[in-house]
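Okay, structure first, notes after.
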There are 2 protein chains.
Amino acid sequence: MKNQTMAGSIGSEIRRRILDGRYPAGSQLRQDGLAAEFGASRIPVREALFQLEAEGLVRIHPHRGAMVAPLSPADAAEALELRAALEPRLLALSAPLLTEPDFHRAHGILEDYAAALRDGDTARWGTLNTELHLLLYGRANRPRALGLVGSLLAECDRYTRLQLSTDPAELERADREHREMVRLCRNGHVSAACALLVDHINHVATALMAFLGEPADATQTPAPSHVIV
Amino acid sequence: MKNQTMAGSIGSEIRRRILDGRYPAGSQLRQDGLAAEFGASRIPVREALFQLEAEGLVRIHPHRGAMVAPLSPADAAEALELRAALEPRLLALSAPLLTEPDFHRAHGILEDYAAALRDGDTARWGTLNTELHLLLYGRANRPRALGLVGSLLAECDRYTRLQLSTDPAELERADREHREMVRLCRNGHVSAACALLVDHINHVATALMAFLGEPADATQTPAPSHVIV
DNA sequence: GCCTGAATTATTTTATACAATTTCAAGCCT
DNA sequence: AGGCTTGAAATTGTATAAAATAATTCAGGC
């Protein structure tokens, strides 16, 4: 596709399998096995693992190998906290600059989302969610923040996947909020869209913490209100 | 030191040289030359470059080699914008939990800073600045955000280094603001410290944009005020 | 004279082979 | 019996060498 190098395509495939859950959290990733599985040598596998470690999906201990990054409530809370801090700013910058083709693509994603919801295809939900969010922030002209948010969205998908198999009502709520956000952006109600986005992320955070059996404020104190910036 | 592997130590050394300016922005990093320079093979060099690319210090084009990430005003503005979004939150969480040994270390850094200021040792300034900031945020219990801010501080040092050689007055201002921030944290005035931190970062941003000859709002519109979070 | 295009060169990328490190278990000593 | 050392097995880290890809050069034609 866009990866002209073998390390890149191996990395994309491993990432997909981690997000799918095919490589469960905490499992060992042996270079030899992966190399055999992909019909390649260990060196491109190593480089792919290094790249994934930078994204936070893999942890490498020197001389002890690589493992899929474990899932911890504290980690999920921090990722969602970062999202709540960054995404509203991106949306505020990007929303006024969104074009008609952008909204067209957004509606296409929403339709796919509805179809996946009917089919119970939870695997597609994560990628569509990430696509929609990144699309809405795409005109902000903040490449670094955008890449960072992309990593955070991918990580959050690992947690929400666990939750959604037992709690499908959250999917419909997310769908409603997504549609409303797109509508607000299209009608120029930027600050309302940002406020809804904050609520959207915070709700995901509280629902996820409840699902994980952790009181929301145990691992992570909320962002203090006197930081207005 | 703490790098038990050759790739790690090579990566640290290349990072140091990029931050020093010994490898100037935009210069090509040939694997063969680096390998010969470090007396190693090209493979640990490759892995080091991959890690540095994740930090944003190096850009790799497939089959075309690696180069030191170029310096652009827009990039600096985005890095400072992210710092302004993230650091106050970390400080608000960490400041109430700072211990007496932490403040002792902070004062040590401030003394070293003053010494470096007397000696005109601009190379040490960057690392001391990073150390101080990360120390103040260390009790926030946000490992991911802390690592991210560390990368952002390193990148900002590349720009401020250029500026400070011609504008040493900024160094003294930074010193005053650092001392005041530590004092406010020690006396429990957390919100005042956070407000000062925001001003500190924003001032660095405007001064840097002025130095780079770019009007502050040309490349980057400021964060909109209606995002309160 | 300038553009097109194949051969050449330089560099990156990958494969194979070897060395260093960790882990686990068995045996020894206290 | 318990803890420590020691050795073997497995796995990772590194070096060397071959394959692949992009940039360059130089010849040939329009």
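These figures come from a predicted structure and were not determined experimentally.
Atom CD of A/Glu47 and atom CD of B/Glu47 lie 6.5 Å apart (nearest 0.5 Å).
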Discussion item. Across nucleotides 10-23 of chain C, 5' to 3', mark each nucleotide with B, S or - according to how protein heavy atoms within less than 4.0 Å reach it.
Written reply: -SSBBBB----SSS
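Comparing the local axis fitted to the first five base pairs of the helix from C/dG1-D/dC30 to C/dT30-D/dA1 with the one fitted to its last five gives a bend of 20°, rounded to 10°.
Residues that satisfy the side chain to side chain donor-acceptor pair (under 3.5 Å) test with B/His203, not counting sequence neighbours, are B/Glu170, B/Arg173. For B/His107, the side chain to side chain donor-acceptor pair (under 3.5 Å) partners are B/Arg186, not counting sequence neighbours. With sequence neighbours left out, B/Arg158 forms a salt bridge (Lys or Arg N to Asp or Glu O under 4.0 Å) with no residue at all. Residues passing the side chain to side chain donor-acceptor pair (under 3.5 Å) test with A/Asp175, sequence neighbours excluded: A/Arg179. Shown here are the side chain to side chain donor-acceptor pair (under 3.5 Å) partners of B/Arg15, two or more places apart in sequence or in another chain: B/Glu55. Checked against salt bridge (Lys or Arg N to Asp or Glu O under 4.0 Å), A/Arg64 has no partners two or more places apart in sequence or in another chain.
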Review item, side-chain donor-acceptor pairs of residues 122-133 of chain B, under 3.5 Å, at least two apart:
residue: B/Trp125; atom: NE1; partner: B/Tyr113; partner atom: OH; Å: 2.2
residue: B/Thr127; atom: OG1; partner: B/Arg124; partner atom: O; Å: 2.9
residue: B/Asn129; atom: OD1; partner: B/His133; partner atom: NE2; Å: 3.4
residue: B/Asn129; atom: OD1; partner: B/His178; partner atom: NE2; Å: 3.2
residue: B/Thr130; atom: OG1; partner: B/Gly126; partner atom: O; Å: 3.2
residue: B/Thr130; atom: OG1; partner: B/Asp157; partner atom: OD2; Å: 3.1
residue: B/His133; atom: ND1; partner: B/Glu87; partner atom: OE1; Å: 3.0
residue: B/His133; atom: ND1; partner: B/Tyr137; partner atom: OH; Å: 2.9
residue: B/His133; atom: NE2; partner: B/His178; partner atom: NE2; Å: 3.3

Table please: side-chain donor-acceptor pairs of residues 24-31 of chain A below 3.5 Å, with sequence neighbours left out.
residue: A/Ser27; atom: OG; partner: A/Pro24; partner atom: O; Å: 2.7
residue: A/Gln31; atom: OE1; partner: A/Arg42; partner atom: NE; Å: 3.4

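Contact detail for B/Leu80 and B/Ala205: the closest heavy-atom pair is CD1-CA, 3.6 Å. In terms of heavy-atom proximity, A/Ala7 sits nearest to A/Ala48 at O-CB, 3.6 Å. Shown here for B/Ala140 and B/Leu90, the closest heavy-atom pair between the two residues is CB-O, 3.6 Å.
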What pairs of nitrogen or oxygen atoms, one from the protein and one from nucleotides 6-8 of chain C, lie under 3.5 Å apart?
none

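Here chain B contacts DNA chain D (any atom closer than 4.0 Å to a heavy atom, that is under 4.0 Å), and the contacts span D/dG13 to D/dA23 from 5' to 3'.
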